[in-house]
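Before any comments, here is the structure.
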Amino acid sequence: MKKKSCAGQASLEYALLLVLIAVVIIVVLTVTSTLISQRLGDVAAQLTTPTAGSTSPSVPSPNALQVFADMQSRILAYYAKYGKWPRTWSPYNFTDIGLTPSDWSQPIDGLYLSPHGGEVGIANKLNDQYQVYVEDLNGQTLHLVDGWNIWCPVNSTNCYYHTVAPGNEVDISTIYTTTSP
């Protein structure tokens with residue numbers, strides 16, 4: 001009789017331990033998503049505030065910036081729901097977050113936006129009419145080579161020129177486009 005009582009108590013303790021672990025995971029995910037959301041808000045604020053004295057021919061409009069922020073929010077929502085980043089290859093990079101791939105073949109204010117797992121890519125397409133420029137953190141203007149991207153991880157306030165690596169950080173608020181003759 002005592003064995004049943006001990007076994008029952010052990011099962012109860014095990015169940016309580018699992019519930020405690022689940023609660024801790026939920027709290028951690030909630031806090032993490034709140035922090036990431038705040039950081040995304042900071043990035044969005046940087047995107048909407050042009051640099052003082054900027055002589056940029058064309059600064060992205062609020063429309064492109066809203067689309068950028070929406071794409072980041074969709075990626076974070078996918079991560080919160082499934083515990084992993086959306087796929088990185090087409091067409092699933094769009095469909096995983098509820099977007100139609102064909103809607104994204106044209107630029108928004110000269111910028112091609114594309115989800116890529118836990119990042120949003122801002123691209124300059126090969127042989128299009130647009131040229132994209134952005135400043136690094138030292139104020140040096142970088143030309144986004146045709147076919148290259150600026151990568152903005154959704155869990156960071158930094159964006160990176162061509163490759164996510166130390167030294168490649170850019171000030172996304174300085175991004176601008178020009179049209180080729």
Side-chain angles (χ1 to χ4, degrees), residues 35-76 78-79 84-97 99 101-181:
L35 292 173
I36 290 172
S37 178
Q38 288 171 347
R39 289 185 182 220
L40 287 176
D42 294 342
V43 169
Q46 288 176 352
L47 286 171
T48 58
T49 307
T51 305
S54 175
T55 58
S56 304
S58 174
V59 176
S61 77
N63 185 42
L65 302 176
Q66 288 171 351
V67 170
F68 178 80
D70 178 67
M71 201 172 278
Q72 288 181 319
S73 295
R74 288 170 180 264
I75 291 170
L76 284 172
Y78 183 94
Y79 185 84
K84 62 181 181 179
W85 298 116
R87 290 175 276 191
T88 58
W89 60 94
S90 189
Y92 304 107
N93 60 330
F94 292 101
T95 59
D96 282 355
I97 61 172
L99 300 173
S102 60
D103 293 344
W104 298 92
S105 62
Q106 297 300 311
I108 299 171
D109 302 324
L111 302 174
Y112 293 88
L113 302 171
S114 178
H116 187 261
E119 304 169 325
V120 174
I122 302 171
N124 186 15
K125 300 284 184 180
L126 187 61
N127 298 323
D128 72 357
Q129 67 183 19
Y130 300 102
Q131 296 301 311
V132 179
Y133 299 89
V134 68
E135 290 182 10
D136 67 13
L137 298 184
N138 296 319
Q140 180 182 354
T141 300
L142 304 173
H143 176 220
L144 190 61
V145 176
D146 286 353
W148 283 19
N149 291 292
I150 294 172
W151 294 107
C152 300
V154 298
N155 59 354
S156 171
T157 57
N158 294 325
C159 290
Y160 299 86
Y161 178 81
H162 185 56
T163 305
V164 177
N168 290 351
E169 296 90 349
V170 295
D171 180 357
I172 198 68
S173 69
T174 64
I175 195 168
Y176 65 95
T177 60
T178 61
T179 54
S180 301

Between Ile97 and Tyr78, which heavy-atom pair has the shortest distance, and what is it?
CG2-CB, 4.2 Å
Indicate yes or no: at least one non-hydrogen side-chain atom of Ile75 is less than 4.5 angstrom from one of Pro86.
yes
Heavy atoms only: give me the nearest Met71-Ser114 pair and the separation to one decimal.
SD-C, 3.8 Å
What pairs with Tyr79 under side-chain contact (heavy atoms from CB on, under 4.5 Å), at least two apart in sequence or on another chain?
Trp85
side-chain hydrogen bond (donor to acceptor under 3.5 Å, both in side chains) involving Asp136 - partner list, sequence neighbours excluded
none
I want to check something: taking the side chain as every heavy atom from C-beta on, are Asn93 and His116 in contact at a cut-off of under 4.5 Å?
no
Interatomic spacing from OH in Tyr161 to CG in Leu137 - rounded to 0.5 Å
14.5 Å
Is a donor on one side and an acceptor on the other found under 3.5 Å between the side chain of Asn168 and the backbone of Thr163?
yes
Using only atom types and a distance under 3.5 Å, with no angle test, would you say the side chain of Gln72 pairs donor to acceptor with the backbone of Asp70?
no
Look only at the side chain of Thr174 and the backbone of Asp171, and say whether a donor-acceptor pair between them is shorter than 3.5 Å.
yes
Using side-chain heavy atoms (C-beta onward) and a distance below 4.5 Å, is Tyr160 in contact with Glu119?
no
Kindly write out the residues that satisfy side-chain contact (heavy atoms from CB on, under 4.5 Å) with Thr141, not counting sequence neighbours, or none if the list is empty.
Tyr133, Glu135, Tyr176
Using a 4.5 Å cut-off on heavy atoms from C-beta on, say whether the side chain of Tyr92 contacts that of Pro101.
no
Of all residues at least two apart in sequence or in a different chain, which pass the side-chain hydrogen bond (donor to acceptor under 3.5 Å, both in side chains) check with Asp96?
Arg87
Only pairs under 3.5 Å count here: list side-chain donor-acceptor contacts from residues 144-152, not counting sequence neighbours, and write none if there are none.
unit_1	atom_1	unit_2	atom_2	d
Asp146	OD1	Asn124	ND2	2.9
Trp151	NE1	His162	O	3.3

Quick one: list whatever passes side-chain contact (heavy atoms from CB on, under 4.5 Å) with Ser105, sequence neighbours left out.
none
Does some side-chain heavy atom of Ile172 sit less than 4.5 Å from a side-chain heavy atom of Ile122?
yes
Rounded to the nearest 0.5 Å, what's the gap from OG1 on Thr178 to NE2 on His143? Could you check?
7.0 Å
One should read off an interatomic distance between Ile108 CD1 and Phe68 CZ, to the nearest 0.5 angstrom, of 11.5 Å
